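Lettering follows sequence order; numbering is per chain, from 1. Note that the structure is predicted; figures quoted are calculated from it, not measured.
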Amino acid sequence: MTKLPALRRSPIALVVLLLLGLTMTGTAYAAFKPAAPVNPMEQAANASEEDIETGRKLFLANCASCHGTNAQGNGTAGPSLVGVGAAAVDFQVSTGRMPLAEPGVQAPRNARAVNFSEEEIYQMAAFVHSLGPGPDVPEPEYLDASQGDPANGGKLFRTNCAMCHNSSGSGGALTRGKYAPDLMNVTPAHIYEAMQTGPQSMPVFNDDNITPEEKRDVIAFIKDIEEGGSSYGGHSLGSLGPAGDALFVWTFGIALIIGAAVWLGRKAS
Amino acid sequence: MSNLPDTPHGTAVPATTEGHSDRSLAVPDRFENPGMPPHAPRRADVDPRAAKRAERQVASLFLLSILGTLGFLVAYFAIDPEARGHVPGIGLMSLYHLALGLTLAISLLGIGFGAVHWAKTLMPGEEIAEERHPQRSDEETRDAAAQILSDGYRGAQLHRRPLLLFTAGGALALFALPLAVQVVGGLGPLPGDRLARTHWRQGTRLMVDPAGTPIRPEHVTQGSVFHVMPEGFVGEEAEHELDADELLVAKGKDSVILVRLNPEDIRSQKELDWGYEGIVAYSKVCTHVGCPVALYEQQTHHLLCPCHQSTFDMTDDCKVIFGPAKRPLPQLRISVDEEGYLQAEGDFEEPVGPSYWERG
Amino acid sequence: MTTTRVPQGADHLRRHGRTTAGAPPTKPTLPPGVGWADERVGAAKGMRFLLNKVFPDHWSFLLGEIAMYSMIICLITGTFLTFWFVPSMGHTVYDGQYAPLQGVGMSEAYKSTLDISFEIKGGLLIRQLHHWAALLFIVGIALHMARVFFTGAFRKPREINWVIGTVLSLLAVIEGFAGYSLPDDLLSGTGIRAMAGFMQSAPVIGTYMTFMVFGGEFPGELIIPRLYIAHVLLLPALLVGLFTLHIMLVVVHKHTQYPGPGRTNDNVVGFPLLPVYTAKAGGFFFIVFGMTALISAFVAINPVWVFGPYDPTQVTAGSQPDFYMWFSDGALRLLPGWLEFTVFGTTWSFNIFLGSLLLLPLVWTIAGVYPFVEQWITGDKREHHILDRPRNNPVRTAVGVAAISMYTVLALATVNDILAIKLNLSINDITIAFRTLFFVAPVVSFWITKRLCLALQRADRDKVLHGREAGIIMRSAEGRFEEEHEELDPYTRWPLVQYEPIRPLSLTEGPDVNERGVSRRRQMTHRLRRSMSDFYFADRVEPVTPAELAAAHHHGEQEAIEAIEQHSDPVNAIPGEVPHGRHHDDH
């Protein structure tokens with residue numbers, strides 16, 4: 001018998017392999033974190049005729065196949081966009097959800113799929129805004145997390161958002177494959193617009209329900225988590241609560257100790 | 001009774017079992033335990049240099065532990081407890097916590113690995129055998145014990161006076177009852193009909209949770225969802241005025257979820273009638289084990305409970321369409337008061353929350 | 001390993017070396033303190049009894065120690081936590097240094113947990129140590145229990161200790177649940193909410209029981225003080241008491257050992273408590289403690305400030321209990337709603353209490369009675385101190401794996417929402433798949449495990465009969481290539497041949513019908529016992545006997561292989577294996 005197979009059969013090798021595998025997946029997971037924010041957009045109400053016209057052309061080229069040439073919807077292919085407002089356009093297009101790449105239960109956020117410049121998105125938003133009144137893109141003063149109260153935001157978040165997005169903003173499951181996405185690295189404007197327009201499964205939180213100031217508090221709360229405001233005790237294990245702890249303790253945790261036990265029980269050479 | 005050969009493990013008494021009985025007598029039926037294998041000495045047993053090396057390794061581990069302990073003390077007093085920083089692979093965390101944890105680990109692991117390494121390399125390496133004896137006492141002891149028991153029984157005259165046995169038994173069986181009654185009786189009040197009632201009354205306004213502001217129907221736009229509590233049980237004022245107990249109980253059963261549906265989508269006439277222009281209010285307490293059923297999907301109008309995934313259809317009396325719950329969520333009858341705010345038209349007509357035996 | 005004896009000179013040299021290195025020339029006497037104690041309490045007798053105890057070396061014997069040491073770590077860190085924790089649900093407003101909760105109303109319990117984490121120097125480390133050690137405690141118990149089960153260590157005389165162990169594991173789980181509930185954060189409050197739901201679902205007594213435990217309606221103000229006293233006094237007292245008994249019984253019974261040369265049912269081979277196991281077991285305590293500290297230093301657990309204070313109107317996605325309650329919570333996710341119905345104006349919620357109030361006692365009762373059931377089936381009343389290799393009792397091993405698979409399906413059902421988002425699946429599909437798996441997984445895993453065990457036993461037979469592959473390829477005269485096989489030495493062979501196959505009652509008692517073909521009159525229970533015995537032991541592989549080995553040598557390797565290949569029954573490919581049904585061929 002050569003040394004190598006003997007080593008391969010050793011329980012220590014198994015432990016090392018397990019640890020290695022887990023570290024690799026952990027590192028890979030960290031590497032895939034999506035990239036960060038862009039600046040808030042100008043109000044669509046101030047758009048020029050020219051912008052609206054360019055927006056209409058962009059709309060016809062990119063969106064009309066699903067939403068209809070006059071944006072009044074096209075059966076099951078896409079809903080009417082009359083009255084959804086500029087906020088909805090900015091949210092859907094600049095997070096890469098629209099135009100939809102392929103039909104599915106839910107349009108995924110995809111920063112790499114944004115094929116429009118900020119100006120083009122603005123023009124499309126202006127066009128949709130011109131079709132009927134709807135929520136406009138948020139004003140910058142409500143997007144400044146530093147002016148918000150994260151404690152009040154936390155209260156609002158736990159009542160209105162945590163049941164879907166998790167109290168740590170790490171996302172959660174909905175019915176039939178739909179999900180509430182992770183809220184980390186979402187721009188303040190997009191957080192605001194999502195609350196205001198209620199994209200896809202998400203309900204609307206209009207200004208009578210959660211005021212613009214309160215929305216800013218919610219943004220401040222989410223940004224605080226994102227900036228590590230709640231990170232004290234070490235690796236968060238994906239902020240999955242007891243599920244992450246269980247996975248860790250049954251793999252790494254117990255492997256460390258059993259590894260020591262195996263070493264202890266082996267005869268010294 | 002036993003269907004096993006009466007051989008204990010590891011002894012070489014030939015087993016007499018069918019199928020093997022025709023074997024030649026020269027060969028035993030079973031292998032014999034070869035006894036302890038020869039002792040193979042360790043490197044440190046034969047090589048003084050290896051032994052010295054092991055000694056140094058053990059001592060270094062103990063030394064490391066001492067350094068860890070000192071490090072903990074230094075960290076405890078010298079580092080700012082609020083110090084935080086980025087740690088590769090982890091991200092932001094408390095550096096104070098990390099320093100304390102790491103030094104404590106070094107202090108403990110140094111002792112642990114040192115002691116085990118010492119045992120493995122330098123302490124006696126030859127296994128020894130300790131004899132085992134059956135758990136059963138020998139006959140003499142058993143007889144003696146039986147005699148004592150019998151003497152005791154007769155000495156107490158239990159064989160002649162069974163009345164003593166029965167009354168003593170009865171007294172001992174019952175003596176703990178007063179204590180048990182005291183505890184059980186005092187632990188909590190009887191339920192009464194408390195599970196069947198909430199704090200909703202005719203005219204109680206629906207208030208936004210947690211802000212505590214009243215709601216006008218026009219605020220409730222289609223697609224939006226309001227988390228609602230009854231007036232007087234939400235907001236800053238209620239937090240100050242109510243006992244913690246009262247407030248918690250109210251939160252436990254009064255919470256309501258309010259949405260506006262397109263009246264055309266509503267499939268139940270009762271739901272439509274109990275709502276206001278398509279605005280409907282349902283108890284937010286799951287009929288399974290009581291978690292807040294708060295996940296409202298505005299496109300499908302499904303309500304999902306995040307605890308056990310019971311799914312309710314808001315367009316059809318909140319009937320269960322998936323998951324472990326059985327009963328629909330109770331609907332709260334609502335209307336609009338003179339000032340134009342949403343109000344309740346009385347309590348829920350059935351108990352909210354998890355099922356219980358006497359609810360019917 | 002080799003059969004030739006290694007010269008023992010080296011050891012002699014060492015012993016010799018020690019004497020010349022200055023061992024005391026005179027007879028050693030007791031150190032002063034010990035002598036003093038001996039005169040008053042007879043300490044020397046106890047030391048003589050205990051310090052020479054022999055412990056066999058095997059890593060799997062340390063799984064129980066992991067549990068024991070984790071419990072001690074919990075006791076130490078838990079005591080520290082009580083110095084600061086306030087077990088009250090009284091309302092207060094946070095004003096500490098964690099900004100995102102400043103000004104938020106919360107309970108005293110939650111606030112004091114935040115204070116331990118942020119205001120007390122090193123408090124967060126103690127909290128994380130406590131929680132990680134608690135998880136390791138239960139992982140240790142689970143693995144230890146599995147080891148004891150699969151090696152048959154629960155057999156006579158250790159049945160009582162198995163029962164004590166199962167009670168300990170139940171207490172540990174309840175202790176964990178109580179501790180998890182104390183900080184009164186959003187997750188733990190949701191757990192208590194579900195607990196209230198379980199209790200309320202009990203027929204007849206449900207509402208009374210709930211009102212008693214909660215001191216009124218859910219949640220009230222009393223549940224945390226009550227769980228606290230259970231967590232820090234009642235349950236630890238029971239745990240420590242029963243645990244002491246558990247260890248005392250280990251001393252009384254002496255440790256079991258794996259089969260091996262020199263290991264018999266009448267001895268225990270290993271290292272003495274002093275000095276080797278004092279250093280090893282003592283050192284292992286520090287290793288477990290140190291590893292837990294290492295984990296606690298780097299990995300966060302239960303960051304209650306992220307979850308927020310408990311508010312019964314709020315809930316978070318991903319609401320799971322700690323893993324040891326998963327099987328129950330998972331059962332609640334899988335049980336369909338139609339199990340609840342109304343009879344004569346009373347509501348029977350089987351969908352709830354089947355998965356909670358019934359499931360918990362059921363799981364532990366089944367575990368607790370298993371040794372007695374197996375003993376009833378085998379009728380084996382002897383003491384067993386040599387462990388079974390799991391493969392040598394295929395059906396027990398398969399039953400264990402099947403039970404674990406059912407438990408695992410239930411447990412994983414608890415994370416169906418996490419699985420849904422991590423694997424991009426529909427939570428509904430996952431739930432339905434788990435409902436199916438709950439019934440399919442035990443059957444499949446039973447079958448696979450049993451086959452695997454039989455195959456491993458066959459491989460053992462093969463190794464004994466034909467030796468092990470020497471790694472040398474020889475070319476025979478006809479030009480065929482064969483690997484040289486090296487015969488096993490008696491020490492290596494022994495563990496493979498030492499076991500006693502248990503034969504089914506239908507074989508040992510004879511057929512179920514008498515000579516005239518009429519069924520024998522037997523009691524129902526005995527018929528059940530016979531069929532259980534068949535279920536357990538009809539398929540088995542018997543160990544190689546010296547005669548078979550001699551025959552294999554006599555015929556030569558090649559002929560033996562050919563003989564096997566020509567055998568008519570493919571399952572019975574190896575002589576000595578008795579497939580199911582063979583004993584019926586006799587009539």
Sub-4.5 Å side-chain heavy-atom contact between B:Ile321 and B:Asp316: no
Residues B:Glu339 and B:Arg205 bridged, charged N to O under 4.0 Å: yes
Pair A:Arg216-A:Glu213, salt bridge (Lys or Arg N to Asp or Glu O under 4.0 Å): steps then yes or no: CA-CA 5 Å; A:Arg216 183 172 61 198; A:Glu213 288 80 12; 5.6 Å; no
Under 4.5 Å from any heavy atom of chain A - which part of B:Ala211: side chain
Contact class of B:Phe113 relative to chain A, heavy atoms under 4.5 angstrom: both
Contacting region of B:His117 [heavy-atom separation from chain A under 4.5 Å]: both
Heavy-atom side-chain contact between B:Thr287 and B:Pro328 under 4.5 Å: no
Heavy-atom proximity to chain B below 4.5 Å, by part of A:Ala173: backbone
Within-4.5 Å side-chain heavy-atom neighbours: B:Phe312 and B:Tyr282: no
Top of A:Gly234, A:Ala180, A:Ser236 for chain B proximity - count of heavy-atom pairs under 4.5 angstrom: A:Gly234
Top of A:Leu264, A:Leu156, A:Thr175 for chain B proximity - count of heavy-atom pairs under 4.5 angstrom: A:Thr175
Contact origin within B:Leu295 toward chain A - heavy atom pairs under 4.5 Å: both
Best-contacting candidate, B:Glu218, B:His302, B:His227, against chain A by heavy atom pairs under 4.5 angstrom: B:His227
Contact class of B:Thr300 relative to chain A, heavy atoms under 4.5 angstrom: side chain
Structural part of A:Gln200 lying under 4.5 Å from a heavy atom of chain B: both
Region of B:Val87 that comes under 4.5 Å of a non-hydrogen atom in chain A: neither
Main-chain N/O of A:Ala87 paired to A:Asp90 side chain as donor or acceptor, under 3.5 Å: no
Pick from B:Lys120, B:Arg43, B:Gln309 with the largest number of heavy-atom pairs that fall under 4.5 Å of chain A: B:Lys120
side-chain contact (heavy atoms from CB on, under 4.5 Å) evaluation trace for A:Lys215 with A:Tyr142: CA-CA 7 Å; A:Lys215 288 192 174 85; A:Tyr142 298 124; over 6 Å; no
B:Arg216 side chain to A:Asp208 backbone, donor-acceptor under 3.5 Å: no
